[in-house]
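Letters go in sequence order (proteins before strands), and every chain restarts at 1.
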Number of protein chains: 2
Amino acid sequence: MLATIDRLGYRPNRLAQSLATNRTRTIALVISELTNSLYPPVLLGAEAACRAAGYDLLLASAPDVEAERRTIEVLLDKRVDGLILFSSSVLDIDNEHLFRAQRAGPPVVVINRHLPDDAPLDQIRFDHFGGARQATRLLLDLGHRRIAHIAGPSGRFTGRLRRAGYEAALRAAGIEPDRRLLAEGDYSFESGRAALHALWSARPTALFVGGDVMALGALRAARDLGAGVPDDLSLVAFGNPDAVRYAVPGITTIDLPVVEAGRLAAESVLRRAADGRDPTREVRTLATNLLLRETTASFQWREEASEAAPAAGES
Amino acid sequence: MLATIDRLGYRPNRLAQSLATNRTRTIALVISELTNSLYPPVLLGAEAACRAAGYDLLLASAPDVEAERRTIEVLLDKRVDGLILFSSSVLDIDNEHLFRAQRAGPPVVVINRHLPDDAPLDQIRFDHFGGARQATRLLLDLGHRRIAHIAGPSGRFTGRLRRAGYEAALRAAGIEPDRRLLAEGDYSFESGRAALHALWSARPTALFVGGDVMALGALRAARDLGAGVPDDLSLVAFGNPDAVRYAVPGITTIDLPVVEAGRLAAESVLRRAADGRDPTREVRTLATNLLLRETTASFQWREEASEAAPAAGES
DNA sequence: TAGGATTGCTGTACCGGATTAGTAAAGCGG
DNA sequence: CCGCTTTACTAATCCGGTACAGCAATCCTA
C-alpha cells in the first residue's frame with residue numbers, strides 16, 4: 001500500500017491540507033536589502049531552526065516600508081505560520097502594520113528594529129551601545145586619548161546607540177567627547193572616506209567607525225592622507241566582519257551574532273506558532289563580539305612628536 | 001456593499017482560492033548564494049515584471065543541489081505558478097529534478113545554468129564567451145600582446161567559456177595562447193591574488209580576470225608586486241561592477257545584464273503560466289557590456305625597455 | 001409583439017484533504 | 001458464549017472559495 005503510494009508519486013496537496021488545518025508549516029523571513037551582508041547568516045540560523053522543527057522557510061524582499069506593508073499582506077494571505085522581520089533601522093517608521101499582523105495573524109518577531117520595549121511582539125536586539133563602548137574601551141586601553149568617531153546617520157537608531165556607547169566609554173574614562181572628533185556618515189563608503197578627511201585636522205590617533213562599509217571608506221581616506229594604519233591611526237569598525245573581509249590591513253571589528261539572531265528569532269516564532277497566543281513578550285539583547293585584527297595598536301608618542309604642534313592636552 | 005466588505009476587513013482566503021482555481025498567482029525565485037552580488041538586480045528585474053502582471057514573487061534559498069531539490073519540492077507543494085532558478089554554474093550537476101518539475105508542475109526557467117540547448121525548459125544565458133572575447137579584444141586594441149588570463153574553475157561552465165573567449169580573441173589576432181600566461185582560480189579573492197603572483201614571471205602587460213572577486217585579489221597582488229595599474233598592468237574583470245565598486249583604481253569590467261535577465265526570466269515564466277503548455281523552448285543569450293573604468297591603458301614600451309631582457313617576441 | 005439572445009442572480013457541485021461521526025469487526029473479561 | 005469495550009475502516013461534513021448550470025428578467029430585432 002505505502003509502496004504503491006510512493007510508486008505513483010503521490011503528494012498530498014498542501015493547499016488543501018492547509019485550508020483544512022489552518023496551518024501551513026511555513027515561516028517567512030522578510031528582508032529589506034538583499035545586499036546587506038548580515039542577511040546570509042541570519043537566514044542560515046533561521047533556516048536551520050525551521051528545518052529542525054519541520055517547517056519551511058520562505059524569503060520575501062521589502063526594500064522600503066511600503067513594500068514591507070505589501071509583502072506582509074501577501075504573506076498573511078499565504079497564511080504563513082510566522083513572520084520574521086529583519087529590515088530597516090530607520091527611526092521614525094510607522095510600525096502599525098506589524099502590530100496589526102501580529103494581532104490578527106501569525107506571530108511576528110523582529111530583529112534589530114526600533115520598537116518600544118513593550119511593543120506587542122518578540123524582539124531580538126543587538127547591543128549596539130555595549131558594542132560601541134567595547135570598541136572605544138579597547139582604544140582607550142591601548143592608550144589612545146584622541147579617539148574620533150564616524151557615526152551612522154542620526155536618523156537610525158543603530159547610529160545613535162553606537163555613538164552613545166562611544167561617548168559613554170569616553171566619559172567613563174574621564175574624557176569629555178570632543179565635537180571636532182565626531183563626524184556623521186550615511187553608512188556608505190564615500191561618506192566614511194569624506195568623514196575621515198574632515199576629521200583629520202582634529203588629529204585623532206584612533207578612530208571608531210560605526211559601520212563596516214564606512215570603515216572601508218575611512219581606510220581609504222587614511223591611505224589618501226598618508227596615514228599608516230595602525231601605526232598612525234588605530235581603527236575599529238562596527239558591523240559584519242565579512243563585509244570588510246578583503247581590506248588590508250584586516251580591520252578590527254565589533255561583530256554581531258547574526259546567526260544566533262536568526263536562530264533565536266525562528267525559535268521564538270515557532271514556539272508561539274505552536275503554543276497559541278501567549279500574551280507575554282520577550283525582548284532579548286544579544287552581546288557583540290570583539291574580533292581583533294590588524295588595525296589596532298598602542299598609542300605611540302612618536303607620531304604626536306613628529307607633528308608641527310602638539311594638540312592642546314585634554315587630561 | 002463593497003464599503004461594508006472593506007470596513008469588515010474581508011480578505012479572500014487565498015488558500016481556498018488557489019485550491020479551487022489551481023493557481024496561486026505566485027512565482028518563486030530560487031537563489032543559491034545570498035551573498036552573490038548578482039542576485040539583487042535579478043530580483044529587482046523579476047519582481048518588477050511579476051508585480052506588473054499581478055503576481056507575487058517569493059524567494060527561496062538553495063545553497064547546494066540537495067537543498068535545491070528540497071526547496072523545489074516545497075515550492076511545488078506550495079503550488080507556485082512558476083519557478084525561476086539562478087543558481088549554480090557547476091558543470092556536472094544532475095538536473096533531472098528540474099525537468100521533472102517542469103514536466104509535472106509549473107513552468108521553469110533557468111538563468112545562467114549549464115543545460116543543453118534542447119533541454120525542455122526556457123533558458124536565459126549570458127554571453128560569457130563573447131564577453132571574454134570583448135575584454136581580450138579591448139586589451140589587444142590597446143596594443144597589448146602579453147595578455148594573461150586568470151580563469152574561473154574549469155569545473156564551471158562560466159570559467160570554461162570565458163577562457164575560450166579569451167583564447168579565441170588571441171587566435172583571431174594571430175597570437176597563440178601561452179600556457180604560462182594562463183592561471184586558474186576558484187573565484188575567490190585569495191586565488192586571484194595567488195594567480196597573479198604565479199603569472200608574474202611570465203611578464204604580462206595586461207590581464208583579463210574571469211571573475212570580479214578574483215580581480216580584487218589580482219589588484220592586491222599587483223600592489224604586492226609593486227606593479228602600477230594600469231601603468232604596468234592593464235586589468236579587465238568579468239562580473240558584477242558592484243562587487244568591485246570600492247576598488248582603486250576603478251576596475252574596467254565586463255558587465256552582465258542581470259536586471260534584464262531577471263525581467264526576461266519572469267516574463268518568460270509568466271507567459272507560460274498563462275498560455276498553458278507550449279512545447280516550444282526558448283534559449284536567449286544576453287550580450288555583455290563593457291564598462292570602461294581606470295584599469296586599462298595603452299601598452300607602453302617603456303616598461304618592457306626597463307626590464308632586464310625583453311621577452312621573446314611573438315608576432 | 002413574440003421569439004431568441006443577452007444579462008443577472010441563485011443554487012450546487014466541486015477543489016483535496018482533515019476531522020469527526022458512525023458502523024462493523026475484533027478483543028476482552030466474566 | 002455473551003455483552004461490553006477497543007480498534008479499523010467507511011462515510012459525511014467542513015475548510016472557503018470557484019465555476020458552471022439553471023432560471024428569471026430584461027433586451028433586441030424582425
Without decimals, in angstroms, what is the distance between [X] [atom1] and [N] [atom2]?
X      : N       : atom1 : atom2 : result
N13(A) : dC15(D) : CG    : P     : 18 Å
R25(B) : dG17(D) : CZ    : C1'   : 14 Å
L15(A) : dG17(C) : CG    : C1'   : 11 Å
L19(B) : dG17(D) : CG    : P     : 12 Å
R14(B) : dC15(C) : CZ    : P     : 22 Å
N22(A) : dG16(C) : CG    : C1'   : 16 Å
R23(A) : dC15(D) : CZ    : P     : 18 Å
R79(B) : dG17(D) : CZ    : C1'   : 17 Å

Among [options], the nucleotide that comes nearest once only the side chain of [X] is considered:
X      : options                   : result
Q17(A) : dC15(C), dG17(C), dT19(C) : dG17(C)
Y10(B) : dG16(C), dG17(D), dT19(C) : dG17(D)
T21(A) : dT18(D), dG17(C), dA18(C) : dA18(C)

| query | Between Y187(A) and T158(A), what is the shortest heavy-atom contact and its length? | reply |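 Looking at all heavy atoms of both residues, the shortest contact is OH-OG1, 2.6 Å.
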| Cationic N near anionic O, under 4.0 Å, E282(A) to R271(A) |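 Looking at R271(A) together with E282(A), the answer is yes, because their closest N to O distance falls below 4.0 Å.
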| task | Have a look at R11(B) and say if it touches a base, only the backbone sugar-phosphate, or nothing, with a 4.0 Å heavy-atom cut-off. | result | sugar-phosphate
| Is there a side-chain contact between L121(A) and L115(A) (heavy atoms, below 4.5 Å)? |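 Yes - at least one pair of side-chain heavy atoms lies under 4.5 Å apart.
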| message | Would you say that R284(A) contacts S268(A) through its side chain, given a criterion of any heavy-atom pair below 4.5 Å between the two side chains? | response |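 R284(A) vs S268(A): side chains touch.
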